[in-house]
Amino acid sequence: MSLGFDYDLIIIGAGVGGHGAALHAVGCGLKTAIIEAADMGGTCVNRGCVPSKALLAASGKVRELRNAHHLKSLGIQIGNVQFEREAIANHANNLAAKIQGDLTNSLKRLGVDIIRGWGKIAGTQKVSVITDAGEKNITAKDIIIAPGSVPFVPPGIEVDGKTVFTSDQGVKLETLPYWVAIIGSGYIGLEFSDVYSALGCEITMIEALDQLMPGFDRDIAKLAERTLITPRDIETYVGIYAKRVIPGSPVVIELANFKTKEDVETIEVDACLVATGRIPATKDLGLETVGVECDRRNFIPVNGSMAVLSNGEVVPHLWAIGDATGKMMLAHAASAQGIVAVENICGRSKVVDYDSIPAAAFTHPEISYVGRTEAQARELAKESGFEIGVAKSYYKGNSKALAEGETDGITKVIYRKDTGELLGVHIFGLHASDLIHEASAAMANRQSVHTLAHLVHAHPTLSEVLDEAYKRAVGV
């Protein structure tokens, strides 16, 4: 225990990042407190990853059981498949409540003090906590800020939480609108389009950029569009943005050309989900008391060790992790950052290897990736003076995918031609979110396709799509 301080470590924010940091801190022998003003578990547990996966699991089963053509090919016939919206919504809510409880109990069991209230920096190694009972100051040798993020609502869009809403309300599934507009075709928009279309809603997807799924590798996005969007009840607009969204019955959406800003048309729908990304929750954290300014996008500046920076210089004993740093807005990235911050607090130099952190969209089928897209890899190759290679393999040639009757899918491996080092791996297909971890581990260990091509995979498994891609890369 640090002399003269209430705690060795105070963490502001009990999301997945703060939780991961607290567990690791206790394991390192630090007396730890965590401060949370809202829900334990933050966005991921309560309004994000966890409840949305529950909705995707239930709606995915409905889609599967209603796909008579697919079932018939396996020799199965099923009558009319029914579902209850409320029961599906309860499944998501109950799961979030269970995991929130598990997370809270794990902190209590390890002796982490949970302090409920609004935590903010009150000076060097000092935090103030504002509660209903008033304000109190506590001190710690080190402080980690983990405030997370909130949905971004562009100007001109009015959210009422009922007819026009963000993912925060969407995961509650309080209604199933006949016709729902989804603004944005990133992973949040894609996952919700998967849920809504499986449960019988008509969808209009509005993307401001000139192609759907702009964050994904182009080859993956093209195939995913053919499978996840074109055959479903989804109409799409690209290069078009929602200039104005007025809640009500109906919801009125004024569309305009993203480049020229000229009006295109006005549509009327039953509901509108705003899935235009997330912004850091960095207001009112008291950062100014220690001379820290957020960057122009309101992210907290940090270095590779997760130490907070002021004018490029490290602020002693102050760290930040998670969405609020803007490095990688993923729950597991926040947890990794929390562990790295604690390691550095304990005097063990460590940085986050972002290149090996995987990401996934839990659509049916799934999309996952780690490292760079082909376009990003080509840019790096141009700067650094090397050539890249690309190898692809398809689910259509995989015995397990054929047995399942799930042959829509592709694996794409991007590597350096000179050393064979992996630069990026992208998978679209059944269980992509699980398969990506082999590639993630390979990237973390800087492995070459020459080594990977000789690893042995169990047959018949979906993992052989990666095996095949590695072998194609080296011409085995």
Side-chain angles (χ1 to χ4, degrees), residues 43 47-49 51-52 55-56 59 149-216 221 224-225 228-230 232-281 297 323 329 361-363 367:
T43 296
R47 302 172 294 283
C49 346
S52 65
L55 295 181
L56 284 156
S59 60
S149 62
V150 292
F152 169 60
V153 179
I157 297 178
E158 197 187 319
V159 169
D160 68 350
K162 293 281 178 225
T163 59
V164 180
F165 48 85
T166 67
S167 54
D168 280 4
Q169 292 86 34
V171 290
K172 294 186 169 61
L173 202 72
E174 284 171 353
T175 59
L176 276 176
Y178 289 114
W179 183 6
V180 58
I182 297 178
I183 302 174
S185 64
Y187 76 95
I188 297 173
L190 280 177
E191 288 186 350
F192 273 100
S193 76
D194 202 280
V195 170
Y196 283 133
S197 60
L199 300 181
C201 309
E202 287 182 37
I203 296 163
T204 296
M205 191 174 264
I206 302 157
E207 174 54 62
L209 299 179
D210 53 11
Q211 51 201 15
L212 289 172
M213 304 168 57
F216 294 91
E225 188 181 332
L228 301 176
I229 293 172
T230 310
R232 297 179 182 176
D233 218 341
I234 303 172
E235 66 165 344
T236 58
Y237 287 90
V238 290
I240 302 293
Y241 77 109
K243 179 171 140 185
R244 201 153 169 243
V245 178
I246 305 151
S249 202
V251 175
V252 178
I253 304 176
E254 294 174 12
L255 300 173
N257 182 297
F258 187 59
K259 286 198 176 99
T260 66
K261 306 294 181 251
E262 285 169 31
D263 291 350
V264 174
E265 64 175 299
T266 298
I267 61 171
E268 294 183 353
V269 294
D270 298 306
C272 174
L273 167 71
V274 184
T276 43
R278 300 181 67 84
I279 50 172
R297 294 187 304 152
D323 287 3
M329 291 174 109
F362 295 83
T363 45
I367 308 168

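Between Tyr241 and Ala208, the shortest heavy-atom distance links the atoms CB-CB, 3.9 Å. The nearest pair of heavy atoms linking Thr163 to Gly248 is OG1-N, 3.1 Å. Ala361 and Phe216 make their closest contact through CB-CZ, 4.4 Å (heavy atoms, listed as atom of the first residue, atom of the second, distance). Shown here for Val269 and Ala181, the closest heavy-atom pair between the two residues is CG2-CB, 4.0 Å. The two residues Leu273 and Thr166 come nearest to each other via the heavy atoms CD1-C, 3.5 Å. Smallest separation of non-hydrogen atoms from Met205 and Gly189: CE-O, 3.8 Å.
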*Please assess Ile253 against Val245 for the test side-chain contact (heavy atoms from CB on, under 4.5 Å), listing each intermediate value before the final yes or no.*
CA-CA 5 Å; Ile253 304 176; Val245 178; 4.1 Å; yes

*Audit row: Thr175, Asp270, side-chain contact (heavy atoms from CB on, under 4.5 Å) steps and yes/no*: CA-CA 10 Å; Thr175 59; Asp270 298 306; over 6 Å; no

*What do the steps show when you test Gln211 against Val238 for side-chain contact (heavy atoms from CB on, under 4.5 Å), and what is the final call?*
CA-CA 6 Å; Gln211 51 201 15; Val238 290; 5.7 Å; no

*Check step by step if side-chain contact (heavy atoms from CB on, under 4.5 Å) holds for Leu173 and Leu199.*
CA-CA 11 Å; Leu173 202 72; Leu199 300 181; 4.2 Å; yes

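Sorted by first and then second residue, the salt bridge (Lys or Arg N to Asp or Glu O under 4.0 Å) pairs involving residues 172-190 (not counting sequence neighbours) are Lys162-Glu174.
For Thr266 (side chain) and Glu254 (main-chain N/O), no donor-acceptor pair under 3.5 Å exists by modelled atom type. Here the side chain of Glu207 pairs a donor or acceptor atom with the backbone of Ser185 at under 3.5 angstrom. Proximity of a side-chain donor or acceptor of Arg232 to a complementary backbone N or O of Ser197 within less than 3.5 Å is not detected. The closest donor-acceptor contact from the side chain of Thr276 to the backbone of Phe152 lies under 3.5 Å.
Leu212 CG to Leu190 CG: the interatomic distance, rounded to the nearest 0.5 Å, is 8.5 Å. Note: Ile234 CD1 to Ser193 OG = 4.0 Å, rounded to the nearest 0.5 Å. For the atom pair Thr43 OG1 and Arg278 CZ, the distance stands at 4.0 Å (nearest 0.5 Å). Rounded to the nearest 0.5 angstrom, Leu55 CG and Tyr196 OH are separated by 8.5 Å. From Trp179, atom CH2 reaches atom CD of Glu268 across 8.5 Å, with rounding to the nearest 0.5 Å. Considering CG of Leu228 and CD of Glu191, their distance stands at 10.5 Å, rounded to 0.5 Å.
Around CZ of Arg244, the count of heavy atoms belonging to other residues, nucleotides or ligands within 6.0 Å does not exceed 12. For Glu262, the CD atom counts as loosely surrounded, since its 6.0 Å shell holds 12 or fewer non-hydrogen atoms of other residues, nucleotides or ligands.
Evaluation of the side-chain contact (heavy atoms from CB on, under 4.5 Å) rule for Glu158 yields Pro247 as partners, not counting sequence neighbours.
In this structure, a donor-acceptor pair under 3.5 Å is present between the side chains of Glu235 and Thr204.
Proximity of Val274 to Pro154: side-chain heavy atoms (C-beta onward) are separated by under 4.5 Å at one or more points. For the pair Ser52 and Phe362, the minimum side-chain heavy-atom distance is 4.5 Å or more.
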